[in-house]
Amino acid sequence: MAMWYCVAPASAVTRFKSLEFLLPPTTLAALADSWLREDCPGLDYAALVAGAAPSQAALWAKSPGVLAGRPFFDAVFAQLSCQVSWLLPEGSKLVPVAKVAEVRGPAHRLLLGERVALNTLARCSGVASAAAAAVEIARGTGWTGHVAGTRKTTPGFRLVEKYGLLVGGAATHRYDLGGLVMVKDNHVVAAGGVEEAVRGARRAADFALKVEVECGSLQEAARAAQAGADLVLLDNFRPEELHPTAAALKARFPSVAVEASGGVTLANLPQFCGPHIDVISLGMLTQAAPALDFSLKLFTEMPQVHSS
């Protein structure tokens, strides 16, 4: 089996290492515990086959992409009193087939954590890979705005996917409903109009949160900005309509940030990059990112040969 070690630059390693500080240990432990309970809520019949002999396993990356999710992988095996030794840092570019880590512990516990840990790592790395690709495409156009994810995440798995966005170099957007007051089309209908919706949002946000309003036309965007919106989301605009609309809005309200979203893919992303666009959000970074392929294989250590 060919083996490649692809190591990130020292500066990148420091940045990715610091991202782990965002993840509270108690939250990691609780997530890992819930995932393991979901996978094995009762009797583990296969444990009788595996036994409890001290064992070791190699983690292999079998598809290209960005390695992300080490803290979650660690948390799963920490719950099972197994030790993980990483050979590649977070954020590494993977060239398959690459040996990424080794895990040691009783055989039945290694196998109990195997699928849960692999699922988590594969999904997180897939999101990071998609995010990295999007950022690279956007930067290739010379655009310097923010590539962001959305709230289109897997229920119960949001922390993993939002963390993957950060490893890939994208912004998370709001983590949840409390991170930003987002006034969408249904809120406008419920409130009775754009101005009423923005006024209600401003009262709720006070000084602590920004207010963003989803708009479908220049007129609606101007009304939102006039009412006090901090950001305007131009949703589902075709590129040929998006850029003139953003330019006209910025001419009247230069301090208002403009986000573009809706129908953005890696293929058409360059068409949405422009001087009047501050944020481009892509739901597909979390909703449609393919998982990377990893495997965990038990191996027998070669006996040490001692010269006489």
Taking Ser55 for its side chain and Ala53 for its backbone only, find out whether a donor-acceptor pair lies under 3.5 Å. yes

Just wondering, do Phe294 and Leu59 contact through their side chains at under 4.5 Å, heavy atoms? yes

Minimum heavy-atom separation for Ala191 and Glu196, please, with both atom names. O-CB, 3.6 Å

Is there a side-chain contact between Phe253 and Val232 (heavy atoms, below 4.5 Å)? no

Look only at the side chain of Asp230 and the backbone of Val211, and say whether a donor-acceptor pair between them is shorter than 3.5 Å. yes

Is it the case that atom CD in Glu38 sees more than 12 heavy atoms from other parts of the structure closer than 6.0 Å? no

Between CG on residue Leu209 and CZ on residue Arg202, distance to nearest 0.5 Å: 9.0 Å

Looking at every non-hydrogen atom in both residues, tell me the closest pair between Ala107 and Gly51 and how far apart they are. CB-O, 3.6 Å

With distance as the sole test, does Gln287 use its side chain to make a donor-acceptor pair with the main-chain N or O of Gly283 at under 3.5 Å? no

What I'd like to find out is whether the side chain of Leu22 reaches to under 4.5 Å of the side chain of Leu166, using heavy atoms alone. yes

Closest heavy-atom contact between Arg151 and Tyr175? CG-O, 4.4 Å

Atom CG in Asp293, atom CG in Leu118: separation rounded to 0.5 Å? 9.0 Å

In this structure, would Val66 and Leu23 fall into the same cluster of hydrophobic residues linked by side-chain contacts under 4.5 Å? yes

Nearest heavy-atom pair of Val181 and Ala201: which atoms, and what distance? CG1-CB, 3.5 Å

Can you establish whether the number of heavy atoms outside Glu136 located under 6.0 Å from its atom CD is more than 12? no

I'd like to know if the side chain of Ser261 reaches the main chain of Asp235, judged simply by a donor and an acceptor atom lying under 3.5 Å from each other, with no hydrogens or angles considered. no

Heavy-atom closest contact (Val256 atom, Ala229 atom, distance): CG2-O, 3.8 Å

Can you tell me if Asp176 uses its side chain to pair, donor with acceptor, with the backbone of Gly178 under 3.5 Å? yes

One pair to check against side-chain contact (heavy atoms from CB on, under 4.5 Å): Leu269 and Thr141. What are the steps and the verdict? CA-CA 10 Å; Leu269 175 57; Thr141 69; over 6 Å; no

Note, Val49 side chain near Leu111 side chain (heavy atom, < 4.5 Å): no

In terms of the angle between their ring planes, are Phe72 and Tyr163 parallel, tilted or perpendicular, with boundaries placed at 30° and 60°? perpendicular

Is any NZ, NE, NH1 or NH2 atom of the basic residue among Glu212 and Lys210 found under 4.0 Å from an Asp or Glu carboxylate oxygen of the other? no

Does the Glu161 side chain pair with the main chain of Thr154, one donor and one acceptor, at a distance under 3.5 Å? yes

Kindly indicate whether the side chain of Gln226, heavy atoms from C-beta on, has any atom under 4.5 Å from the side chain of Val194. no

Checking the side chain of Thr120 only, and the main-chain atoms of Phe73 only, is there a donor and an acceptor separated by less than 3.5 Å? no

Hey, quick one: are Leu159 and Leu36 part of the same hydrophobic cluster, counting side-chain heavy atoms closer than 4.5 Å, chains of contacts allowed? yes

Trace of the side-chain contact (heavy atoms from CB on, under 4.5 Å) decision for Met182 with His187: CA-CA 9 Å; Met182 172 76 83; His187 294 99; 5.9 Å; no

Check: Arg70 and Glu90 side chains under 4.5 Å, non-hydrogen atoms: yes

Is a donor on one side and an acceptor on the other found under 3.5 Å between the side chain of His243 and the backbone of Gln271? yes

Within-4.5 Å side-chain heavy-atom neighbours: Phe77 and Gln83: no

Is any NZ, NE, NH1 or NH2 atom of the basic residue among Arg109 and Asp44 found under 4.0 Å from an Asp or Glu carboxylate oxygen of the other? no

Applying a strict under-4.5 Å side-chain criterion to I, L, V, M, F, W and Y, I'd like to know whether Val167 and Met284 cluster together. no

Validation row: Ser281, Val264 side chains within 4.5 angstrom (heavy atoms): no

Assess the residue pair Val213 and Glu220 against the criterion (side-chain contact (heavy atoms from CB on, under 4.5 Å)); give the C-alpha distance rounded to whole Å, side-chain angles, the decisive distance to 0.1 Å, and a yes or no. CA-CA 9 Å; Val213 182; Glu220 194 174 30; 5.9 Å; no

Return the minimal non-hydrogen interatomic distance between Ala221 and Leu234, and the atom names on each side. CB-CD2, 4.2 Å

Distance from Lys93 atom NZ to Leu67 atom CG, nearest 0.5 Å? 13.5 Å

To the nearest 0.5 Å, what is the distance between NE2 (His173) and CG (Leu282)? 10.5 Å

Quick check: does any side chain N or O of Trp143 sit under 3.5 Å from a backbone N or O of Gly274, one acting as donor and the other as acceptor? yes

Just how far is it from atom CG of Leu296 to atom CZ of Arg115, taken to the nearest 0.5 Å? 9.5 Å

Interatomic spacing from NZ in Lys162 to CZ in Arg174 - rounded to 0.5 Å: 8.5 Å

Can you tell me if Arg37 has over 12 outside heavy atoms packed within less than 6.0 Å of its CZ? no

Do Trp86 and Leu292 share a hydrophobic cluster, counting only Ile, Leu, Val, Met, Phe, Trp and Tyr and linking them when any side-chain heavy atoms are less than 4.5 Å apart? yes

Derivation and outcome, side-chain contact (heavy atoms from CB on, under 4.5 Å), residues Phe272 and Leu242: CA-CA 8 Å; Phe272 289 84; Leu242 171 69; 3.6 Å; yes

Under a single-linkage definition using a 4.5 Å side-chain heavy-atom cutoff for Ile, Leu, Val, Met, Phe, Trp and Tyr, are Phe237 and Val183 assigned to the same hydrophobic cluster? no

Whether Lys62 side chain and Pro96 backbone form a donor-acceptor pair below 3.5 Å: no

